[in-house]
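Take this structure first; my questions come after.
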Amino acid sequence: MKNIVIFGAPGSGKGTQSDLLVEKYGFKHISTGDVLRGEIKNGTQLGQTAKSYIDKGQLIPDSLMIDILAATYDALGKCEGVIFDGFPRTIPQAEALKEMLAARGTEVSGMLELQVPDEMLIERLVNRGKTSGRADDNEETIKARLEVYHNQTSPLADWYENEGKRHA
Ligand code: AMP
């Protein structure tokens, strides 16, 4: 069973690439952003908590996110492979994913990195905001999300490089 991490900034095309892998290989797709937006839509307590971070372009705290990821993964059942889209976003999340998969007798097969310049990301996300209905696809929140990406998420590229799993 394959576990693929799709890695890149907001707007880099992780969702689109995931859809292609789902179609081509029949993998299942976990988008933590989609999971959180589902919780918000359903008006759950978790959704309310998540919304307060998402609307500011900030990350949901690691401990909460790690529990959500494990529950989502375990609910998938048997499959050929899983694509992780939007998780991990911090080094503690990457460490937790490694541990979680090891406890289930598996591991990350590879991390696929999508590299797109910031100007293009901003343009794409502003455009997406016109139709996505996502409250966080506005210019101010987009800039906050990119800052969070550069500060907290991009160090994961080296982390996966050290694991020998980075494919740019
Ligand atoms: P996305 O749809 O992947 O762009 O995620 C939208 C928002 O959901 C992010 O800006 C974060 O606020 C939150 N989020 C999604 N995944 C994570 C994660 N792995 N860790 C923390 N926050 C997350």
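Every number for a ligand or one of its atoms is a count from 1 in the order of the listing. Quick caveat, the model's predicted, so the values are computed rather than measured.
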> Which ligand 1 atoms does Met65 reach within 4.0 Å, using its non-hydrogen atoms?
Replying inline: 17 (C), 18 (C), 19 (N), 20 (N), 21 (C)
> For ligand 1, which atoms have a heavy atom of Arg145 less than 4.0 angstrom away?
Replying inline: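 The atoms of ligand 1 under 4.0 Å from a heavy atom of Arg145 are 4 (O).
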>> Considering non-hydrogen atoms of the protein only, which is the closest contact for atom 22 (N) of ligand 1, and what is the distance?
In response: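 Nearest protein contact, heavy atoms only, for atom 22 (N) of ligand 1 is Ile60 N, 3.1 Å.
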>> For Glu147, I'd like to know if atom CD has over 12 heavy atoms of other residues, nucleotides or ligands within 6.0 Å.
In response: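 No, CD of Glu147 has 12 or fewer neighbouring heavy atoms, counting only those of other groups under 6.0 Å.
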> Which residue and non-hydrogen atom of the protein lie closest to atom 14 (N) of ligand 1, and at what distance in Å?
Replying inline: Leu36 CD1, 3.5 Å
> Who's the nearest protein heavy-atom neighbour of atom 12 (O) of ligand 1, and how far?
Replying inline: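 That would be Gln58 O, 2.6 Å.
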> Going by the atom numbers of ligand 1, which of them fall below 4.0 Å from some non-hydrogen atom of Thr32?
Replying inline: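 Those of ligand 1 that fall under 4.0 Å from Thr32 are 15 (C), 16 (N), 17 (C), 19 (N).
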> Does a side-chain heavy-atom distance below 4.5 Å link Leu112 with Gln17?
Replying inline: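 No, side chains not in contact.
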> Do the ring planes of Tyr149 and Phe7 sit parallel (below 30°), tilted (30 to 60°) or perpendicular (above 60°)?
Replying inline: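 It falls in the tilted class, 30° to 60°.
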>> How about NZ on Lys51, more than 12 heavy atoms from neighbouring residues, nucleotides or ligands closer than 6.0 Å, or not?
In response: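 It does not: Lys51 NZ has 12 such atoms or fewer within range.
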>> So is Arg134 touching ligand 1 or not, going by heavy atoms under 4.0 Å?
In response: yes
> Would you call Lys14 and Asp19 a salt bridge, using N to O less than 4.0 angstrom?
Replying inline: no
> Shared ILVMFWY cluster between Met100 and Ile91, side chains joined below 4.5 angstrom?
Replying inline: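 Looking at the clustering, Ile91 is in the same group as Met100.
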> Just one of Asp62, Thr32, Thr153 clears the side chain to side chain donor-acceptor pair (under 3.5 Å) bar with Gln93, so which one?
Replying inline: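 By the side chain to side chain donor-acceptor pair (under 3.5 Å) criterion, Gln93 pairs with just one of Asp62, Thr32, Thr153: Asp62.
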> Looking at atom 20 (N) of ligand 1, what's its closest protein heavy atom, distance included?
Replying inline: Gln93 NE2, 2.9 Å
> Does any N/O atom on Gly86 come nearer than 3.5 Å to any N/O atom on ligand 1?
Replying inline: yes
> Which protein non-hydrogen atom lies closest to atom 7 (C) of ligand 1, naming both residue and atom, and how far is it?
Replying inline: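 For atom 7 (C) of ligand 1, the nearest protein heavy atom comes out as Ile54 CG1, 3.9 Å.
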> With respect to atom 1 (P) of ligand 1, which of Lys14, Arg89, Lys51 exhibits the smallest heavy-atom separation?
Replying inline: Arg89
> Near Arg37, which atoms of ligand 1 are under 4.0 Å from a heavy atom of that residue?
Replying inline: 2 (O), 6 (C)
> Can any side-chain N or O of Lys165 pair as donor or acceptor with the backbone N or O of Ser109 at less than 3.5 Å?
Replying inline: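 Not a single qualifying donor-acceptor pair exists.
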